[in-house]
Chemist: 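The structure that follows is given in the form of structure tokens.
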Amino acid sequence: MASTILVDKIDPQSGTALEIGSSGDTITIPSGVTITNSGTATGFGGVNTPAFEATLSGNQTVTDENNVKIQFNTEVFDIGGCYDNSSNYRFTPTTAGKYFVYTMIGCNSGSDSQLHTMNCRIYKNGSAYANSHFDFRTNYARFATGTTTAVIDFNGSSDYVEAYAYIDDGSGDGHVQSGEYSRFGAYKILTWGTQYEQWNKSR
């Protein structure tokens with residue numbers, strides 16, 4: 001039989017820890033109730049990690065008309081330590097789930113009006129997964145920045161992603177521009193249930 005306790009405040013009998021319910025119990029917050037938090041909440045809503053972003057420390061030469069892995073070797077951040085910025089230049093998250101993955105690659109030809117085509121690609125487990133493509137063959141360019149994004153499932157153990165570029169340069173080998181022109185990153189997406197709950201509470 002359900003019962004109601006009418007109190008204004010609950011404090012622990014001793015110490016500073018207070019536990020509500022036991023393992024297997026369901027605590028229900030009914031519709032119309034507002035929970036106001038003025039302290040620190042942990043374990044609610046999930047986290048967007050592992051996550052990383054990396055840039056290039058210098059320009060990288062790309063062999064003409066070849067798919068070349070971009071060696072993003074400078075970490076802006078790497079929460080969870082899942083990005084390899086020294087050998088494989090890949091992100092291998094250790095938590096399963098869906099991740100938003102993005103790369104921005106600035107492709108520069110050797111001289112004016114020599115950039116014919118370019119591709120900015122995200123690879124998953126060694127195969128092309130998402131691509132942005134520019135074709136300048138009717139009006140050659142010198143520089144273009146491609147941005148590619150994708151929502152990708154990871155198994156939390158062996159799945160990984162890398163960034164690749166393809167440049168067709170009429171003057172020879174082109175290069176990927178460093179600095180603000182090129183970046184590679186990813187972060188974990190909260191589950192749909194958590195996102196819906198947050199959205200619904202904000203209405």
Side-chain angles (χ1 to χ4, degrees), residues 1-55 69-70 72-104 121-131 147-164 183-203:
M1 185 176 76
S3 58
T4 301
I5 300 175
L6 300 176
V7 296
D8 294 321
K9 183 180 180 181
I10 300 176
D11 281 328
Q13 183 180 14
S14 62
T16 58
L18 181 67
E19 181 177 336
I20 300 176
S22 301
S23 177
D25 291 346
T26 298
I27 308 298
T28 301
I29 308 298
S31 175
V33 173
T34 300
I35 298 177
T36 301
N37 174 41
S38 299
T40 301
T42 60
F44 292 94
V47 293
N48 293 101
T49 57
F52 86 100
E53 184 172 275
T55 62
K69 184 194 299 187
I70 306 307
F72 287 100
N73 59 355
T74 302
E75 291 180 344
V76 179
F77 59 86
D78 184 10
I79 304 172
C82 296
Y83 181 68
D84 177 0
N85 71 326
S86 61
S87 57
N88 290 316
Y89 308 101
R90 64 179 54 162
F91 177 62
T92 311
T94 53
T95 301
K98 296 184 185 297
Y99 287 72
F100 183 80
V101 183
Y102 60 92
T103 186
M104 178 178 70
R121 291 188 169 115
I122 293 172
Y123 272 51
K124 178 184 179 184
N125 298 336
S127 299
Y129 187 92
N131 178 51
T147 300
T148 302
T149 65
V151 175
I152 301 178
D153 280 303
F154 290 82
N155 60 17
S157 57
S158 59
D159 287 340
Y160 63 90
V161 287
E162 303 160 308
Y164 276 73
R183 291 182 177 264
F184 180 35
Y187 58 85
K188 189 175 184 298
I189 299 174
L190 298 180
T191 62
W192 165 244
T194 302
Q195 289 177 317
Y196 174 77
E197 289 167 5
Q198 292 179 341
W199 170 81
N200 194 41
K201 288 177 182 178
S202 68
R203 296 178 62 193

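On a predicted model such as this, the values are computed, not experimentally measured, just so you know. One-based numbering along the sequence shown. Side-chain atoms are counted along with the backbone in the values below, which use heavy atoms only and exclude waters and symmetry mates.
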Chemist: Could you pull out the closest heavy-atom pair between Val47 and Leu190, with the gap in Å?
Modeler: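 Looking at all heavy atoms of both residues, the closest pair is N-CD2, 3.6 Å.
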Chemist: Apply the test side chain to side chain contact (heavy atoms under 4.5 Å, CB included) to residues Asp159 and Asn125: give CA-CA distance (whole Å), side-chain angles for both, the deciding distance (0.1 Å), then the verdict.
Modeler: CA-CA 6 Å; Asp159 287 340; Asn125 298 336; 2.9 Å; yes
Chemist: Which heavy atom of Gly126 sits nearest to which heavy atom of Tyr160, and what is that distance?
Modeler: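 Nearest heavy atoms, Gly126 then Tyr160: N-OH, 3.4 Å.
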Chemist: How long is the gap from CG on Asn155 to OG1 on Thr95, to the nearest 0.5 Å?
Modeler: 11.0 Å
Chemist: Mind checking the CE-OG1 spacing from Met104 to Thr147? Nearest 0.5 Å is all I need.
Modeler: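 Going from the CE atom of Met104 to the OG1 atom of Thr147 covers 6.0 Å.
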Chemist: On a heavy-atom basis, which atom in Val101 and which in Ile152 lie closest, and how many Å separate them?
Modeler: CG2-CD1, 4.0 Å
Chemist: So, Lys124 side chain and Asp153 main chain: donor-acceptor pair closer than 3.5 Å or not?
Modeler: yes
Chemist: Just to verify, what does Asn88 make a side chain to side chain donor-acceptor pair (under 3.5 Å) with, not counting sequence neighbours?
Modeler: none
Chemist: Using the side chain to side chain donor-acceptor pair (under 3.5 Å) criterion, which residues pair with Ser87? Sequence neighbours excluded.
Modeler: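 Asp84.
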Chemist: Distance-only, no hydrogens or angles: does the Thr103 side chain make a donor-acceptor pair with backbone N or O of Arg183 under 3.5 Å?
Modeler: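 Judged by distance alone, yes, a pair lies under 3.5 Å.
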Chemist: Restricting to non-hydrogen atoms, name the atom on Phe72 and the atom on Ala54 that form the minimum distance, rounded to 0.1 Å.
Modeler: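 Of all heavy-atom pairs spanning Phe72 and Ala54, the closest is CD2-O, 3.6 Å.
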Chemist: Verify whether one side chain among Tyr83 and Glu53 offers a donor that lies under 3.5 Å from an acceptor in the other.
Modeler: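 Side-chain D/A pair, Tyr83 to Glu53: absent.
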Chemist: Considering non-hydrogen atoms only, spot the tightest contact between Tyr99 and Pro50 and give its length.
Modeler: OH-CD, 3.2 Å
Chemist: Yes or no on side chain to side chain contact (heavy atoms under 4.5 Å, CB included) for Val151 and Ile189, after CA distance, side-chain angles and deciding distance?
Modeler: CA-CA 9 Å; Val151 175; Ile189 299 174; 3.8 Å; yes
Chemist: Please report the shortest heavy-atom distance between Phe154 and Val161, naming the atom on each side.
Modeler: CZ-CG1, 3.5 Å
Chemist: So, taking the atom named CD1 in Ile122 and the one named CD in Glu162, what distance separates them when rounded to the nearest 0.5 Å?
Modeler: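 The CD1 atom of Ile122 sits 11.5 Å away from the CD atom of Glu162.
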Chemist: I want to check something: taking the side chain as every heavy atom from C-beta on, are Ile10 and Leu18 in contact at a cut-off of under 4.5 Å?
Modeler: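 Yes, their side chains come closer than 4.5 Å.
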Chemist: Looking at Asn48 and Lys188, would you say the former's side chain and the latter's main chain have a donor-acceptor pair under 3.5 Å?
Modeler: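 A pair under 3.5 Å: yes.
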Chemist: Are Ile70 and Tyr164 packed together at the side-chain level, in the sense that at least one heavy-atom pair is separated by less than 4.5 angstrom?
Modeler: no
Chemist: Which of these, Phe184, Phe100, Phe77, sits in a ring pair (Phe, Tyr, Trp, His ring centres under 6.0 Å) with Phe52?
Modeler: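 Of Phe184, Phe100, Phe77, ring pair (Phe, Tyr, Trp, His ring centres under 6.0 Å) with Phe52 is met by Phe184 alone.
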Chemist: Atom SG in Cys82, atom CZ in Arg90: separation rounded to 0.5 Å?
Modeler: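 If we round to the nearest 0.5 Å, Cys82:SG and Arg90:CZ are 13.5 Å apart.
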Chemist: Looking at Ser86, is its backbone amide N or carbonyl O close enough to the side chain of Asn73 to form a donor-acceptor pair, meaning the two atoms are under 3.5 Å apart?
Modeler: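 The answer is no, because no donor-acceptor pair under 3.5 Å joins these two groups.
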